[in-house]
Amino acid sequence: MELWPGAWTALLLLLLLLLSTLWFCSSSAKYFFKMAFYNGWILFLAILAIPVCAVRGRNVENMKILRLLLLHVKYLYGIRVEVRGAHHFPPTQPYVVVSNHQSSLDLLGMMEVLPDRCVPIAKRELLWAGSAGLACWLAGIIFIDRKRTGDAISVMSEVAQTLLTQDVRVWVFPEGTRNHNGSMLPFKRGAFHLAVQAQVPIVPIVMSSYQDFYSKKERRFTSPGRCQVRVLPPVPTEGLTPDDVPALADSVRHSMLTIFREISTDGLGGGDCLKKPGGAGEARL
Ligand SMILES: CCCCCCCCCCCCCC(=O)SCCNC(=O)CCNC(=O)[C@H](O)C(C)(C)COP(=O)(O)OP(=O)(O)OC[C@H]1O[C@@H](n2cnc3c(N)ncnc32)[C@H](O)[C@@H]1OP(=O)(O)O
Ligand SMILES: CCCCCCCC/C=C\CCCCCCCC(=O)OC[C@@H](O)COP(=O)(O)O
């Protein structure tokens, strides 16, 4: 069907009008646009990262490139990320980072504090996320198949060796999935077994609740937003055995939950330290 050239312009204008009306009128539409742009932008950044990372091949040093490429994204969304306690990261040795997992936006907080030679453990499905999957593979991200517990555990055991022999750190989301409902899901124990097997410390990291500016359930994503990323003191595992893992996981989760409630500003967990000048969060921890 031949369309008069002016008709294309009119159609385009109509579409733009429709999109901008949706943008201004519907907060759900805003949520969808923002999330679509977030994913699309990451896919685009991954396309930029791939040729640069490919020079080294699959290598944890490539994580630095992904980090550099992603650092600006918080500005696009007006999210202020405050880091506290970064001095708690052990300076040289390998360790296991555990952090809470609310959304794919966690990437922003993660990139803010990601130590050198530190790779996340990710679900295998991410490998198939187009350019992002390939960039993750090139950056040495460790993939596990959550549907095959035995395989996942043997990957984690190999990682325990790699931590020591290749001097790397790993970042695990012990909830095992995104938790959009505030608070924290029960912790899976893989990260703690891994730390005990390698006899390396656990560094817990807590990202405050996004509820003030982001909620998947309510389809809400507003600007500006504020998030605190708190690095807690390392928990040693020297001398611990697999029998100690359940208690270790429980105690780390308990301390993370306490801090999550303290630093979250959504009214669920207090968070006064972010609201009041001079509150606990203002102090250097
Ligand atoms: C520019 C482009 C940028 C692109 C983006 C870049 C950044 C990308 C960032 C991506 C971020 C992506 C983020 C993501 O993708 S998050 C999703 C993927 N991550 C995880 O799932 C990590 C957390 N999960 C675990 O740790 C689980 O435990 C695993 C996966 C290991 C098994 O889970 P599963 O549900 O199958 O089983 P289970 O937990 O009930 O365990 C069963 C039993 O086995 C015991 N057990 C467990 N482990 C070990 C062990 N090592 N040695 C000995 N025993 C072990 C365990 O204690 C339990 O026994 P018991 O205690 O009941 O007696
Ligand atoms: C040619 C194929 C194109 C496929 C396009 C796929 C679209 C994906 C778009 C962008 C990728 C963005 C990567 C963001 C990484 C965020 C990591 C993340 O948050 O993973 C979730 C995982 O922790 C837990 O998953 P579940 O909550 O259990 O689910």
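Every number for a ligand or one of its atoms is a count from 1 in the order of the listing.
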Is it true that Tyr77 and Phe221 have ring centroids separated by less than 6.0 Å? yes
Verify, without hydrogens or angle tests, whether Arg220 (side chain) and Gln211 (backbone) share a donor-acceptor contact under 3.5 angstrom. yes
At what distance is the nearest protein heavy atom to atom 7 (C) of ligand 2, and which residue and atom is it? Leu43 CD1, 4.3 Å
CD (Gln166) and CG (Asn59) are apart, to the nearest 0.5 Å, by 9.0 Å
Counting heavy atoms only, which of Leu45, Leu126, Ile141 is nearest atom 13 (C) of ligand 2? Leu126
Protein heavy-atom partner closest to atom 52 (N) of ligand 1 - residue, atom, separation in Å: Gln197 NE2, 3.3 Å
Nearest protein heavy atom to atom 28 (O) of ligand 2, by residue and atom, and its distance? Thr177 OG1, 2.6 Å
Look at atom 1 (C) of ligand 2 and find which of Gly130, Gly40, Cys136 reaches it with the closest heavy atom. Gly130
Kindly indicate, with the supporting measurements, whether the criterion side chain to side chain contact (heavy atoms under 4.5 Å, CB included) is fulfilled by Leu185 and His101. CA-CA 9 Å; Leu185 297 173; His101 199 12; over 6 Å; no
Shortest non-hydrogen separation from Pro94 to Leu163 and the atoms involved: CG-O, 3.3 Å
Could you state the interatomic distance from CG (Asn39) to OG (Ser104), rounded to the nearest 0.5 Å? 5.5 Å
Atom 4 (C) of ligand 1: closest protein heavy atom, distance to 0.1 Å, is Cys136 SG, 3.8 Å
Distance-minimising heavy-atom pair for Cys53 and Asn62: O-ND2, 3.1 Å
Between Leu69, Leu126, Ile65, flag the one that comes closest to atom 10 (C) of ligand 1 by a heavy atom. Leu126
Among all protein non-hydrogen atoms, which one is nearest to atom 16 (C) of ligand 2, and what is the separation to 0.1 Å? Ser104 CB, 3.8 Å
Starting from atom 8 (C) of ligand 2, what is the nearest protein heavy atom, named by residue and atom, and what distance separates them? Ala129 CB, 4.0 Å
Any N or O of Lys123 closer than 3.5 Å to N or O of ligand 2: yes
Specify the closest pair of heavy atoms between Pro201 and Pro234, including all atoms of both residues, with the distance to one decimal. CB-CB, 4.1 Å
heavy-atom search around atom 15 (O) of ligand 1 in the protein gives Lys123 N, 2.8 Å
Asn100 side-chain N/O to Met207 backbone N/O, donor-acceptor pair under 3.5 Å: yes
Quick one: look up the protein heavy atom nearest atom 14 (C) of ligand 2 and list residue, atom name and how far away it is. Leu107 CD1, 4.0 Å
Report, in ascending order of atom number, the atoms of ligand 2 lying under 4.0 Å from any heavy atom of Asn39. 9 (C), 10 (C), 12 (C)
How close does the nearest protein non-hydrogen atom get to atom 56 (C) of ligand 1, and which residue and atom is it? His193 NE2, 4.0 Å
Just let me know how Arg146 lines up against ligand 2, side chain, backbone, both or neither, with a heavy-atom cut-off below 4.0 Å. side chain
Is Lys188 in polar range of ligand 1, meaning some N or O pair under 3.5 Å apart? yes
Students should be able to answer this: which protein heavy-atom is nearest to atom 23 (O) of ligand 2, and at what distance? His101 NE2, 2.5 Å
Any protein heavy atom nearer than 4.0 Å to atom 39 (O) of ligand 1: yes
The closest protein heavy-atom partner of atom 29 (C) of ligand 1 is Ala152 CB, 4.4 Å
For atom 27 (O) of ligand 2, what's the nearest protein heavy atom and its distance? Arg178 NE, 2.7 Å
Tell me which protein heavy atom sits closest to atom 3 (C) of ligand 1, plus the residue, atom name and distance to 0.1 Å. Leu70 CD1, 3.7 Å
Please work out, at 4.0 Å between heavy atoms, whether the side chain, the backbone, both, or neither of Ala122 comes within that distance of ligand 1. both
Can you confirm whether some protein heavy atom lies under 4.0 Å from atom 21 (C) of ligand 2, or whether none does? yes
Between Val172 and ligand 1, which part of the residue brings a heavy atom under 4.0 Å of the ligand: side chain, backbone, both or neither? side chain
How far does CE of Met156 sit from NZ of Lys188, to the nearest 0.5 angstrom? 10.5 Å
Just need the protein heavy atom nearest to atom 11 (C) of ligand 1, so name the residue and atom and give the distance. Phe173 CE1, 3.8 Å
In terms of residue, atom name and distance, what is the protein heavy atom nearest to atom 11 (C) of ligand 2? Ala132 CB, 3.9 Å
Is it the case that ligand 1 has an N or O less than 3.5 angstrom from some N or O of Ser157? no
Do Gln102 side-chain atoms and Asn181 backbone N/O form a donor-acceptor pair below 3.5 Å? no
Is any N or O atom of Thr149, backbone or side chain, closer than 3.5 Å to an N or O atom of ligand 1? yes
Candidate with minimal heavy-atom separation from atom 17 (C) of ligand 1, of Gly176, Ala46, Ala195: Gly176
Aromatic plane relationship, Tyr214 with Tyr210 - under 30° parallel, 30 to 60° tilted, over 60° perpendicular: perpendicular
Ignoring angles and geometry beyond distance, decide whether Gly190 reaches within less than 3.5 Å of ligand 1 through its nitrogen or oxygen atoms. yes
Which residue owns the protein heavy atom closest to atom 9 (C) of ligand 1, what's the atom, and how far is it? Leu107 CD2, 3.6 Å
Is it the case that over 12 heavy atoms from other parts of the model lie below 6.0 angstrom from the CZ atom of Arg117? yes
Is the number of heavy atoms from other residues, nucleotides or ligands under 6.0 Å of Arg56 CZ greater than 12? yes
Nearest heavy atoms of Pro115 and Arg169, plus distance in Å: CB-NH1, 4.2 Å
Got a second to check how far Asp106's CG is from Ile205's CD1, nearest 0.5 Å? 11.5 Å
Between Lys34 and Ser223, a side-chain donor and acceptor under 3.5 Å: yes
Could you tell me whether the side chain of Arg230 and the main chain of Met256 form a donor-acceptor pair under 3.5 Å? no
